[in-house]
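Atom set for the values below is all heavy atoms of this structure, side chains included, hydrogens, waters and symmetry mates excluded. Chain letters run A, B, ... following the sequence lines, proteins first and then strands; every chain starts at 1. All values derive from a computational prediction rather than experimental measurement.
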Amino acid sequence: MRRLARVGNDLYSGNRSFPIVARRRLWYAISVVLILLSLVGLVGRGLNFGIEFRGGTEMRVTGVSQLSEYETRATEAVQETAPEAATVTVTQVGDDGVRIQTGDLDPQVVEDARAALAEEFSVPVQDVTSSFVGPSWGQTITTKAIQALVVFLLLVTLVLAVYFSTWKMAVAALVALLHDVVFTVGLYALLGIEVSPASVIGFLTILGYSIYDTIVVFDKVRENTEYALESRTMSYAQAANLAVNQTLVRSVNTSVVALLPVGAILLFGITLIGPGTLLDLAAALFIGIAVGTYSSVFVATPLLVHLREGEPELRQLEQRVQKRGAQQPVPATVGGPATPQTEPAPPTEVAEDEAPATGGGPGSPSSEHPGGPGAGAATDRSVHPYAQRGPRNQPRRRRRRR
Amino acid sequence: MLRNPRNRGPLRVLLALGLLLVILFGGLGAAALWATPRASTTPLLGLDLAGGRQIVIEPVVPGNQSVSTEQVDQAIDIIRRRVDGLGVAEAEVSRLGDTNIVVAIPGNPTPEQLESLSRSSQLRFRPVLVAAPVSELPQAPDRTLPLPEGAELEEQQPTGDDGAEVTEPASDGAYPQGLRAGAQPTEGPEDDGGQDGQQGQEDQEGQDDQQQGDEGTGPQTEPSSPSDLAWITPELQQQFMETDCTDPQVAREAAQADPDLPVVACSVGGLEKYLLGPSELTGGNVSDAESGLEMGQGGPTGRIEVRLSLDDEGREAFREITARLLQYGTNSAQNRFAIVLDGEVISAPGVNSVIANGNASIAGGFTQESAETLANQLKFGALPMSFDVQTSEQVSPTLGGEQLRLGIIAGAIGLLLVFGYSVLQYRALGLVTVASLSVAAITVYGAVTLLGWAANYRLTMAGVTGLIVAIGITADSFIVYFERVRDEVRAGRPLRYAVDTGWQRARRTILISDAVNLIAAGVLYWLSESGVRAFAFALGLTTVVDLIVVFLFTHPVVSILTTTRFFGEGHRWSGMDPESLGAKRSTYLGRGQFRAPEERRPRHTREELEGGVV
């Protein structure tokens with residue numbers, strides 16, 4: 001943990017930085033592969049909707065005298081004769097009835113299952129009735145939910161566009177969101193996990209989590225890039241990259257905290273509980289939260305930089321930063337690439353301690369923003385305490401010193 | 001610690017939180033002790049966790065028509081909406097076989113709820129031709145009326161002043177209140193007026209009776225409009241006279257009557273009987289209905305009204321109806337139109353203005369409850385179908401008890417892991433996380449339990465899982481906060497100031513992300529149905545709790561802790577130790593910039609270290 005804290009320090013100061021924005025082609029490629037895979041699952045296999053969506057067969061046993069363990073007994077009896085019935089829901093109805101719901105079964109299989117149930121519960125076969133039960137999660141619910149979703153996405157786009165004062169952040173956040181949901185749903189299709197109303201709730205939760213996570217990261221990006229624009233010490237890409245790195249510890253901590261309880265349920269579900277609502281939900285959430293964290297860092301932010309890079313103002317900023325980079329051959333940061341181009345940066349795999357690289361500044365001028373401390377170290381002039389105080393943001397003073 | 005003036009603000013905030021919790025649990029306790037029905041001290045559980053009642057309903061259409069598939073689908077939708085109308089409980093509504101509908105409602109619904117589910121919804125608007133109070137006191141308790149608002153209204157004498165405060169659409173005297181003391185239907189007007197002096201209705205009743213007398217024996221002509229008294233045949237007259245409103249058969253016959261012919265019907269509660277003209281509008285034309293406080297020119301008038309909106313077709317028809325009915329004068333029975341549901345008149349308001357925009361309001365003599373009931377009946381009364389309950393049985397939970405037990409164990413283990421992790425990560429501050437999560441858990445527990453009582457909110461497995469995920473989102477607020485504070489410490493600020501500035505920045509992030517969550521919850525809640533709705537409710541609830549806990553608990557507690565020596569001086573185990581955070585007591589240079597300490601420099605002044613006095 002100490003080490004993680006140190007990594008956090010280094011990430012914060014920019015001593016150590018992952019080239020997340022610079023390597024964006026790699027992340028895009030990974031995401032595209034993931035999405036393609038999901039689409040293959042969705043189109044090729046399709047989603048396996050549960051009885052709540054498609055309806056299915058319901059069997060009722062009446063006049064049961066021995067009700068102990070009715071759940072397992074009924075499940076086993078049905079699954080022996082009808083192995084294709086993946087989920088069997090067994091409930092007790094009234095005092096002496098057992099209700100068994102499964103997916104749609106062939107009439108012949110239903111007859112067999114009826115016989116098996118009659119034998120299991122020692123009642124005559126006539127006392128086991130079967131009928132088709134319609135979907136309880138109807139078309140209206142689905143349509144309404146989708147409508148609500150669209151309204152929600154529009155509203156969120158609007159709110160984010162206003163809050164971040166650029167629509168591009170909203171777009172990037174939405175792309176990340178869709179990425180997460182498509183991937184999770186696709187995985188469901190690929191693995192053939194049954195989709196129940198509970199899983200739909202799970203998908204919605206992922207949606208909420210994903211957008212939440214992205215906003216937290218973007219808020220930091222906004223803060224850093226605003227500063228970069230003001231002080232003109234960093235290109236947009238560099239500032240965004242630093243922001244992602246600075247929130248990386250937060251992202252990791254948050255996802256660990258969110259995943260721990262879900263993971264515990266998932267583990268229990270796989271080993272002890274067996275298939276059912278709990279496992280379905282936990283699986284959806286586990287995948288979704290993991291992907292959500294990934295996408296907010298590796299998809300949303302690079303995409304945002306990609307979208308905004310073309311803006312004239314930002315291009316100008318980049319040129320300025322580049323020019324200054326040329327004047328000071330060894331910049332005092334590894335926060336971004338040495339020559340801040342948007343394309344791959346040689347020194348930044350996981351940069352080593354940058355102390356030797358700095359132009360003779362004492363110690364390591366661990367700096368959030370490149371140009372500033374570099375300049376400060378170069379002049380090596382002590383600054384009057386008065387000048388060190390004052391407003392937090394003092395771009396003027398630096399300009400004067402130069 | 002308590003003496004420190006720095007702590008006054010935070011302590012006050014903590015006090016506010018304490019107050020909030022006291023109110024929450026005090027309310028819960030009060031509800032559990034004195035309210036009817038008693039509140040439970042544990043959250044209500046949903047269908048999959050606690051089982052419920054399963055009802056098999058068969059839709060019946062008038063006559064001998066068979067029910068089509070579309071009609072059953074429509075019936076399912078209607079019933080689902082009715083179930084949703086009972087509260088935010090998740091229920092399962094599905095089709096069984098070809099025509100039956102299975103409804104599974106969590107818990108043990110009251111007979112009233114069950115009956116309101118299976119009520120037929122043949123909502124029609126018919127003009128009143130003749131109205132008469134029922135001669136003898138109806139034996140109200142004989143019939144277990146699902147919606148006994150008639151009886152309730154009886155006690156709540158309406159003020160009855162017609163539409164003086166109502167701005168646009170208004171109709172008054174919706175119910176035949178105060179008429180139990182009324183005279184025999186065939187008697188003259190003086191009787192009514194003499195006995196029942198406080199209402200605008202008596203005269204009207206008297207006039208009705210007179211008219212009835214005239215018309216009943218009058219010559220028969222072809223009726224020119226649905227309000228034309230020529231509809232009344234001697235047989236009908238006879239039937240009207242003989243109708244006994246205590247007989248449930250009346251409603252059944254009225255429900256099955258031909259909509260194009262006049263009919264005799266009784267009001268709900270059997271206090272008044274009517275001779276009604278042919279149906280002019282059906283429930284299908286009602287697009288929405290809601291109850292609320294009536295708004296006069298100077299704000300709420302204190303009366304409760306039911307607002308009714310009609311669709312395009314209904315608007316036109318309603319304009320014609322109101323224009324025609326208005327001609328009869330407010331004292332005439334023919335001025336009123338009856339809203340008939342399942343053969344019973346649920347409301348028979350008079351008309352005091354032409355309503356051309358399709359938005360009518362019915363006011364007068366409602367209690368909150370009766371207004372809500374009427375609004376719901378209007379809203380969901382679109383389906384011309386009645387329902388036969390075939391079976392009604394208690395069912396066991398669909399999710400086995402074993403599964404639930406293991407799930408809870410797993411969740412608890414997960415929570416312990418979260419506690420462990422945050423203590424590892426944030427040392428002593430991790431304990432603040434633990435405490436905050438505990439406060440959040442207590443608040444959610446209280447809120448869910450209270451809402452179970454107040455709004456019939458029930459926890460299902462999906463809801464529980466949502467709450468478990470909420471652990472992550474709630475804890476994230478603390479993580480964002482702590483990380484921001486750490487950032488400030490790394491930037492060289494002393495902890496006390498780092499907490500202040502870090503909080504200012506973290507607050508922004510927390511607010512926007514929670515705002516988006518609230519939007520999600522709100523939109524999903526208002527625009528969707530059933531399970532999704534319950535989910536949205538849980539999401540909104542946990543988000544609000546998250547905000548409450550971060551603002552009213554975590555931040556004040558951290559602020560107070562920074563004034564202690566342990567945290568303020570950055571003890572190794574405080575989680576805010578500047579040294580391990582890489583801040584080497586460096587010079588602060590302004591926004592996030594600082595330089596490393598230079599050996600030759602003299603010790604900084606305190607002011608300097610603190611980066612300027614905040």
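- Using cut-offs of 30° and 60° for the angle between ring planes, the Y525(B) and F537(B) rings count as tilted.
- In this structure, R222(A) pairs ionically with E226(A), as a charged nitrogen and a carboxylate oxygen lie closer than 4.0 Å.
- Heavy atoms of V256(A) lying under 4.5 Å from chain B belong exclusively to its side chain.
- Here the side chains of D219(A) and R505(B) are not in contact, with every heavy-atom distance at 4.5 Å or above.
- With S199(A) contributing its side chain and S196(A) its backbone, the two residues share a donor-acceptor pair below 3.5 Å.
- Looking at E223(A) and R484(B), a side-chain N of the basic residue comes within less than 4.0 Å of a carboxylate O on the acidic one, giving a salt bridge.
- Residue contact with chain B, scored on non-hydrogen atoms closer than 4.5 Å, involves the side chain of V159(A) exclusively.
- Contacts between L539(B) and chain A at a heavy-atom distance below 4.5 Å are absent for every atom of the residue.
- Residue F203(A): no heavy atom, backbone or side chain, is found under 4.5 Å from chain B.
- Of the listed residues (Q101(A), Q147(A), R99(A)), the one with the most heavy-atom contacts under 4.5 Å to chain B is R99(A).
- At a 4.5 Å heavy-atom cutoff, the contact between N517(B) and chain A is made by side-chain atoms alone.
- Taking each heavy atom of V516(B) and F152(A) in turn, the nearest pair found is O-CE1, 4.0 Å.
- Neither the backbone nor the side chain of T543(B) comes within contact range of chain A; no heavy atoms are under 4.5 Å apart.
- Looking at L285(A), only its side chain comes within 4.5 Å of chain B, counting heavy atoms on both sides.
- Per-residue counts of heavy-atom pairs under 4.5 Å with chain B were compared for Y163(A), F218(A), F132(A); the largest is that of Y163(A).
- The side chain to side chain donor-acceptor pair (under 3.5 Å) search around D487(B) returns R490(B), not counting sequence neighbours.
- Interface remark: L160(A) contributes side-chain atoms only to the contact with chain B (heavy atom separation under 4.5 Å).
- Side chain of T501(B) to main chain of Y497(B): a donor-acceptor pair is present (N/O by atom type, distance under 3.5 Å, no hydrogens or angles).
- Put simply, of V257(A), L267(A), L149(A), the one with the most heavy-atom pairs under 4.5 Å next to chain B is V257(A).
- Proximity to chain A (any heavy atom under 4.5 Å) is shown, for R53(B), by neither the backbone nor the side chain.
- Closest heavy-atom contact between Y481(B) and A506(B): CA-CB, 3.7 Å.
- Residue contact with chain B, scored on non-hydrogen atoms closer than 4.5 Å, involves the side chain of I211(A) exclusively.
- Here T254(A) is the residue among I215(A), L207(A), T254(A) with the most heavy-atom pairs under 4.5 Å with chain B.
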